[in-house]
2 protein chains.
Amino acid sequence: MGLDLEDLEPVSRRSTAAIVADRLRQAIMRGSFPPGTQLGEVELATRLGVSRGPLREAMQRLVAEGLLRSERHRGLFVRDLAADDVRDVYIARTAVERAAALLILAGDRESATLRLTAALATMEAAAAAGDAVALADADHRFHHEFVAAAGSPRLRRMADALLVETRMCLAALQRTAPPAADLVAEHRILRDAVRDGDTDRLVATLEAHMADAVARILDGADLSEGAPDGNLPALPA
Amino acid sequence: MGLDLEDLEPVSRRSTAAIVADRLRQAIMRGSFPPGTQLGEVELATRLGVSRGPLREAMQRLVAEGLLRSERHRGLFVRDLAADDVRDVYIARTAVERAAALLILAGDRESATLRLTAALATMEAAAAAGDAVALADADHRFHHEFVAAAGSPRLRRMADALLVETRMCLAALQRTAPPAADLVAEHRILRDAVRDGDTDRLVATLEAHMADAVARILDGADLSEGAPDGNLPALPA
DNA sequence: GCTCGTATGATTGTCAACAATCCGCGGAAC
DNA sequence: GTTCCGCGGATTGTTGACAATCATACGAGC
């Protein structure tokens, strides 16, 4: 013991199903598969270089995560998120990140501040470079680090799943145009509130941050609940 | 349209993997498989009457839900929950159910009250009959209905997963001996707070309810963080 | 002209066999 | 006596093929 080498253990310790699931998750997250598209098994299997067995296992995993929708003898489709889903994602994120905030304030504020500061620096760099994709990545990472700093594995897992859905929302309707400066400023406030241990400000800013995001996504978006055109085929039911 | 027939649609619309997953989830929940036991694929497949293919898909689903732990070329094992996991489950449950509480109070209190009252009646019946298993089932159902009444699919899904883990905790260490009367009384307070729209009392009672539960489970339990005997082989890492 | 039944093509669901990997045990070397 | 090496048994990971099911297009009947 006493080795300070950070996690060098996993040689190829992950099952191929997990690898395939990660690959697919990232592709869906980045919007490579438009919502509602059918994922043919044979094509994906050949393109990924695996057989249909592991691919199906990975699919089931993504179904359990809510990214895919399975219809028996029909196929698997990437879930298309309606307006209700966008609100729901942020409702759930608010629940998770609020709990994370309380845990952070009750725990190790210092290390949390460090992690958030690092993520914030990435955001600032992306904003300065005007790189929208990198900014979205950094935003994603900030919130991931935020929940991870709380130290609760289950909150972290739930947050990660919700962040993927968030990216799906953003990728679906390509309006990733929040004023970069404002976005960075909001996150800086969160970091500062963690650093200062200001519970009220942290929670209030967090909830406002979520409400802003959902408003920014849905505001003027062409999805207004009732399947406007052919791009959003089905109601969420 | 206008048919008021409630969901008669699904004939056998569910994939066998989903059915198998449900079956396994219930078995794990009820403690039929002690924590840490290895789930041999061939044996389970034969006992369930399916082949290894669908079984493996169901397994991956349970892995994604955090009920199983997969070691490559080693097998799948039911996760053994340590003390930290018990605390974490209740941390996550508090986060979810608190958010659900706020949503209920901001939404349709009346229908929520009805659902909770029905679940409460089941609890009272079980308590009166002295049936511990039925009481645990009713407790489970109460909290399920509570989150479901909030109307958020994602909160509901997360709550269901956490409730399964809760049952695992209870089944693992067979101390399901909370005073039945107290348990019913606590839930009645929750119902009343929903009915009266008393936010502070609802949230406070909820958090106290969670803290009580984790204390009741861990208090005097033989798992005291550091792998006391052979029943808890590995640290959670 | 419209509707219904049927054939076809493709896709998914399922299965049984093959290959790769790991654990436990016995024996040899030091 | 201890350590290392190798082998047998068992289990998982993967593959390809077979069977069931569904969507689509075409033609017959009214």
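Letters A, B, ... mirror the listed sequences (proteins, then strands); counts begin at 1.
- Contact detail for Y90(A) and T166(A): the closest heavy-atom pair is OH-CG2, 3.3 Å.
- Contact check for L39(A) versus F33(A): side-chain heavy atoms found under the 4.5 Å cut-off.
- Between D160(A) and R157(A) there is no salt bridge, since no side-chain N of the basic residue sits under 4.0 Å from a carboxylate O of the acidic one.
- Interatomic distance, CG of L24(A) versus CG of L44(A), reported as 6.0 Å (0.5 Å rounding).
- A close approach under 4.0 Å does occur between a side-chain nitrogen or oxygen of T16(A) and OP1 or OP2 of dT14(D).
- Ion pair E65(A)/R25(A) flagged as a salt bridge, since at least one NZ, NE, NH1 or NH2 atom sits closer than 4.0 Å to an Asp/Glu carboxylate oxygen.
- Heavy-atom distances under 4.0 Å link DNA chain C to R52(A), R56(A) of residues 51-60 of chain A, given in residue order.
- Remark: E43(B) engages R47(B) in a salt bridge, criterion side-chain N to carboxylate O under 4.0 Å.
- Nucleotide dT12(D) holds its C1' atom 15 Å from the CD atom of E43(B), rounded to whole Å.
- Rounded to an integer number of Å, the gap from CD of E71(A) to C1' of dT12(C) is 12 Å.
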Identify each atom pair where a protein N or O and an N or O of nucleotides 6-11 of chain D are less than 3.5 Å apart, giving names and distance.
none

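- A salt bridge links E165(B) to R154(A): at least one charged side-chain nitrogen sits closer than 4.0 Å to a carboxylate oxygen.
- A salt bridge does not link R115(A) with D108(A): none of the charged nitrogens is closer than 4.0 Å to a carboxylate oxygen.
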